[in-house]
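Note sheet for the following structure.
A, B, ... follow the sequence lines: proteins, then strands. Residue 1 opens every chain. When reading the values below, keep in mind they use all heavy atoms of this one structure, side chains included, and skip hydrogens, waters and symmetry mates. Since the model is a prediction, treat every value here as computed from it, not as a measurement.
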Amino acid sequence: MRIKVRYFARFRELTGTGEEKIELPEGSKVRDLIEKIKELHPKFKDEIFGEDYDDNADVNISRNGRYASFEEELEDGDIVALFPPTSGG
Amino acid sequence: MLTEKELERYDRQIRIFGIEGQKKLKKSKVAVVGVGGLGSPVAYYLAAAGVNLLLIDEQLPELSNLNRQILHWEDDLGKNPKPISAKWKLEHFNSDIKIDTFAGRLTRENIREVLKDIDVIVDCLDNFETRYLLDEFAHEKGIPLVHGAVESFYGQVTTIIPGKTKSLREIFPIPPKKKENFPILGATAGVIGTIQAAEVIKLLTGKGEVLANKLLIVDLMHNSFEVVDLEG
């Protein structure tokens, strides 16, 4: 299945793109998509996830305009957006 | 009752929400928590609209604050805490409103005393620890909380309404790591703070739609305003 991924703010700079399509096997979850994005974009992986998988990584995700968790299952044609939470004031 | 002077001063916005709306603003008191990059435009525009304020911050203005914290000027550096620095200017700007200050840090111990008789809380903080404290207090008292945060050319806004929307902790269960000296442009804080001020005016007058269960994500670097649905 094919997922459209959109990157916001700093993630757009780290991946070098605002939007791309990613192929995933049927039954993939948001978590699998993130793994694929880490493979495709080493800068994103290094900056956001460090050496290993990090559950505390600063990544917020929406799927088809709704807030989504890492465990949510994806469907063909989904639009997934990744954005970093900001904390300054 | 509004005075003749107030009717003239607020004429252009009374055309939006009527005299009744303006009376609601006059009766209200809004806490601006953090009087820095976000707090400056929030307090400035709420003062302009005729809203009574409580300004909260424990820091003194520093030179490196001035690229964004537009309520603090060179003359204020190292002198008075930010709420006092801001109060003086806002009182000269609008003598109709009442401005209270608390020059200290909000804690679990003092929050009930400091934030008593508040209608809306505006989160202009730079850390999630105190944000969670505001979130808990807002839920305890059933007071709306307008959240804003910025970094570099980016920012986010959402309005928490206890009993209706997700809490801030539900939206951001893992606090983003606090960064000292994070990059920030004044104009970004201006955009996000101004949106927060508009949220407050909508809450107080009951006009329009607030960002309830919606997260606005602004990316000024790439000209995008995205609203993410937080329900479900």
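- Heavy-atom pairs under 4.5 Å with chain A peak, among B:Asp126, B:Val150, B:Leu125, at B:Val150.
- Once rounded to the nearest 0.5 Å, the distance linking OG of A:Ser87 with CG of B:Asn127 reads 8.0 Å.
- Residues B:Ile171 and A:Tyr67 come closest through the heavy atom pair O-OH, 2.9 Å.
- Atom CD of A:Glu23 sits in a crowded spot, with more than 12 heavy atoms from other residues, nucleotides or ligands closer than 6.0 Å.
- In this structure, the side chain of A:Arg66 does not engage the main chain of B:Val228 through any donor-acceptor pair within 3.5 Å.
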Set out, in order, the CA-CA distance, both residues' side-chain angles and the distance that settles side chain to side chain contact (heavy atoms under 4.5 Å, CB included) for A:Phe83 and B:Asp219, then state yes or no. CA-CA 10 Å; A:Phe83 48 94; B:Asp219 177 349; over 6 Å; no
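- Your options are B:Arg68, B:Arg131, B:His147, and the one with the most heavy-atom pairs under 4.5 Å with chain A is B:Arg131.
- Of all heavy-atom pairs spanning A:Gly88 and B:Phe182, the tightest one is CA-CZ, 3.4 Å.
- If you run side chain to side chain contact (heavy atoms under 4.5 Å, CB included) between B:Met221 and each of A:Arg10, A:Arg12, A:Glu13, only A:Glu13 comes through.
- At most 12 non-hydrogen atoms from other residues, nucleotides or ligands lie less than 6.0 angstrom from CG of B:Asn181.
- Within 6.0 Å of the OH atom in B:Tyr132, the count of heavy atoms belonging to other residues, nucleotides or ligands exceeds 12.
- Heavy-atom pairs under 4.5 Å with chain A were tallied for B:Ala189, B:Gly37, B:Gly193; the largest tally goes to B:Gly37.
- The local environment of CD in A:Glu71 is crowded, with over 12 non-hydrogen atoms from other residues, nucleotides or ligands closer than 6.0 Å.
- Minimum interatomic distance between A:Thr86 and B:Glu151 (heavy atoms only, all atoms of both residues): CG2-CB, 3.7 Å.
- One distance of note links CG of B:Leu230 with OG of A:Ser62; it measures 9.5 Å at 0.5 Å rounding.
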